[in-house]
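Worksheet: one structure, shown below.
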Amino acid sequence: MSPQEAKERIETLRNDLHRHNNNYYVLNSPEISDKEFDLLMKELEDLESKYPEYFDPLSPTLRVGSDLSKDFEHVVHERPMMSLSNTYSIEEVDEWFDRDKKALEGEEFNIVGEMKFDGVSISLTYKNGRLEKAVTRGDGTQGDDVTANVKTIKSIPLQLQPGDWPDYFEIRGEILMPWKVFEKLNAERAYNEEPLFANPRNAAAGTLKMRKSIEVAKRDLDARFYYLLGDNLPFDNHYDNMLAARSWGFKVSTAMTLLNTLEEVDQYIRYWDTHRKELPVATDGLVFKINSFRQQLNLGYTAKSPRWAIAYKFNPENACTQLRFVSFETGRMGIVTPVANLEPVLLSGTIVKRASLHNDDIIQELNIHQGDWLYVEKGGEIIPKITGVDESQRRPDAEKIQFVTNCPVCGTKLVRMFGEAAWWCPNKYGCRPQITGKIEHFCARRMMNIDGIGEETAELLFDCGLVERIADIYDLTQEKLEALDRIGEKTASKIIEGIEDSKKVPFERVVYALSIPNVGETTAKRLAMGVKTMDNMINMSVDELTSLQDIGPVVAKCIYDFLKDPVNIDNINRLKKAGVQMQLSEDKLAPKGDKLEGKTIVISGTFSHHSRDEYKDLIEREGGKNAGSISKSTSFVLVGENMGPAKKEKCEKLGIPMISEEDFLRMIS
C-alpha cells in the first residue's frame, strides 16, 4: 500500500467509525456488529501505527463513543471512563498475558476473570453510604446525569449495608435489561405496532434516557458492578474490593474468578463460551484484569485503554441443531408459511424450537433437506433465523424439502399470484385456521376488544359450531357459553360484557377488524375517514376507492372484491343489526382544525406526552396527513427519542425539518 493509498484508507476508516460511534452511542441503533466495528478499529490502529505522519488528535482510536443527550445535565467524570482493548481469539489473550508477565519482570501476579455484560455503562458515586450521583459513560470524559432514573432500579442500593465502605467512592458497572423483561417489552411494542428494540442493550439505553423516572421503573432494569475506585478503598487489589462491594449490597457477578495461570485463563474462556447462554442477561464477552493495583499502576495505559486489562469478545451467538421436520401453517389471510421445527437449542437466554422459513424461495435458496443440521442465529436479534446448512452432516439418502401443493389443513390446492413469493389457500370460508384466525383478529384489543376470546376460545367456539362467521359472535349468550368445556360462569360473563362493549368501538376499528385483504390498521383509518359510512364504502367503485387518500389501485381492488362477496355483505349486515358502529362518530364527522392543512408528516421515535397513535389522531384532526416514510413531499418529521439513524440521515439529505414533541404541541396549541 502506497502512502497515498494509506492516507485515503485512514480517512475512510475514520469517517466510517465516527458514524458508527454515533449510531451506537447517540442513536442506540447500530448498523454493524461489535465484531465488525472492532475489526475496522483494529485496521485503523495498525495503519496509524505504520503511518504516524497522518496523526489526527480527533481520530476514533483516541476516544470512546458518546451517548450524551441534550436532555440531561452533563457531568465531568472525576476519573476518565476508558474502554478496553478487544480481541476475539484466545491466542491474543495469551499474548496479552505474556506481554504483561514480561513487563512485570517475573514478579508473581494473578488475574481476575469477569463477565463482560452487554448493557449501558454507568458510574455511581456514594457519599457516607448513600447514592449521590449516577452518570453514564458519555464520551469517557463527561456523561449524562441519570440519577433520578437509576434510583428506580431495585438492584442498585440507595443506602449501603453496614460495612467498611469508604466515606466517598465510585463504583462502575452496567445497567441491563434481563432477557425475560426484554422479550415481554418487545411483545408489547409489537402488539402496539411500535418499533422493536434490536437487543436488550438498546432497550436498556432507551429506558435509561426516558424523561419520566416513573416510566423507567416499569421496565424492571437490572445492574451488575465490576470496578471500585476511590482514595481509601479497603484492599489494595481488585478482587477483594469487589467482594467487599458485594457485601455492601452491590450486585457483583458470581462469575468473577481469581485466576493464577495462563491455563486457568484459557479454561475460563472455554467454559463461559458455552455456559454464558444460561445467564438471564445479555453478555458479549469476558474481561481479564491484573488483580494488584500496584501492578496496574506500573503497567499503565495506552492512549485509550489500560495495559493491565483486556476484553475477550464472544462471536455472534449461534448454534447448529438438527431439523426435526418442516411444518406448513395456514394463517388468517390464507398465506401458508413453512416453519423449521428444531431440536431444542439454547440461544441468547431462551430455548429455540422453531424458526420461520418464510416462503418456498428461502427453502430453495438454503437447499434444505430432511434431517439437515441447520445453523440458527439469534444473538441480539429478536426472532431466530436459519442462516445455513451443515451439508457435511447430511444423510446420503436425505430428500430435499418440498413446499406443499395443497393446504395442510383443508386440502385445497394452493395458488401463487404472479410476482409474489407466498403460496396461499383460496378456501377462505371453509379453511379452519382462516376462519378461527379472523374470529381471533376481530376480538383482539386493537380491533373490537372482546376480552376472553383469544386463539383457544376462538377455536373452541368454532369447533362447537357456535361461531363460524364473525357476526355469529353477537348471537352468543351466557347460557351457550357456560355449556362449553373450559368456560365457566365468570369467563362467560366477561365475554358477554366484552361483546356488548364492542358495539361502542369506533367505525375505523370495525373496518380494521373485518380482515379485508391488504387493509391494516393505518389503511383502515384512512379508509373510514374517506368513506364516512359503511354504506358509502359498499357502493363505491374501484376508481372512487382509489381516489381516497393513501388507497392505491391494488388495495382499492381488494376492498371492492371483499365488498362484492355475498358472505361478507351478510356478515356486515348482521353486525349492523347487532348494533356495531357502521359510520364515523359525530365528533370525527365535525369540521377539523386547519393548523396542519396540506402538510404531510412522518412520526419517528418514542414520546413522553402522548402515544404515537394519539399524535396520528392529532395530525389528522388538524388537517394533516400521516405518512410512513420520508420523501420530498414530507413537510416535517415529528421527532421523539431514539429516532432511527436512517431517517435522520434522509431528513438531512432532503432538507426536511425535524420538529420536537414540545415544538409540535406549541404549533397546534
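When a residue number appears, it is its place in the shown sequence, counting from 1.
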Side chain to side chain, Asp663 and Arg666, heavy atoms closer than 4.5 Å: yes
Step-by-step side-chain hydrogen bond (donor to acceptor under 3.5 Å, both in side chains) determination, Ser83 to Ser305: CA-CA 5 Å; Ser83 61; Ser305 59; 5.9 Å; no
Evaluation steps, ring-ring contact (aromatic ring centres under 6.0 Å, His included), between Phe97 and Phe109: CA-CA 10 Å; Phe97 182 98; Phe109 66 97; 5.2 Å; yes
Test applied, side chain to side chain contact (heavy atoms under 4.5 Å, CB included); reference residue, Tyr312; option that passes from Val265, Val93, Asp284, Leu84: Val93
Within 6.0 Å of CD in Glu132, more than 12 heavy atoms from elsewhere: yes
Asp164 and Trp248: CA distance, side-chain angles, deciding distance, side-chain contact (heavy atoms from CB on, under 4.5 Å) verdict: CA-CA 8 Å; Asp164 57 347; Trp248 303 339; 3.3 Å; yes
Any side-chain donor near an acceptor of the partner, Asp222 and Ser155, under 3.5 Å: yes
Charged tip of Arg224 within 45° of Phe117 ring normal and under 6.0 Å: yes
Distance-only donor-acceptor check, side chains Glu170 and Ser123, under 3.5 Å: yes
Side chain proximity check, Asn15 to Leu13, heavy atoms < 4.5 angstrom: no
Donor-acceptor under 3.5 Å (Arg246 side chain, Asn241 main chain): no
Between Tyr54 and Glu11, a side-chain donor and acceptor under 3.5 Å: no
Chi angles and distances behind the side-chain contact (heavy atoms from CB on, under 4.5 Å) call for Ser604, Leu638: CA-CA 6 Å; Ser604 180; Leu638 171 55; over 6 Å; no
Check: Phe235 main-chain N/O paired with Asp240 side-chain donor or acceptor under 3.5 Å: no
Enclosure of Arg130 CZ (heavy-atom neighbours >12, cutoff 6.0 Å): no
Pairwise side-chain contact, Met41 with Leu17, heavy-atom cut-off 4.5 Å (strictly under): yes
Side-chain (Trp96) to main-chain (Thr87) donor-acceptor, under 3.5 angstrom: no
Phe293 ring center near His238 ring center (under 6.0 Å): no
For His77 against Gly140, the heavy-atom pair lying closest together: CD2-O, 3.5 Å
Main-chain N/O of Glu108 paired with Gln295 side-chain donor or acceptor, under 3.5 Å: yes
Distance-only donor-acceptor check, side chains Arg219 and Thr207, under 3.5 Å: yes
Pair Tyr126 + Phe250: ring centers closer than 6.0 Å: yes
Cation-pi check, Arg276 onto Phe314 ring (under 6.0 Å, within 45° of axis): yes
Non-hydrogen atoms of Val376 and Pro384 that approach each other most closely: CG1-CB, 4.2 Å
side-chain contact (heavy atoms from CB on, under 4.5 Å) between Ile171 and Leu229, intermediate numbers included: CA-CA 6 Å; Ile171 190 166; Leu229 301 96; over 6 Å; no
Ring geometry between Phe664 and Phe636 (parallel below 30°, tilted from 30 to 60°, perpendicular above 60°): tilted
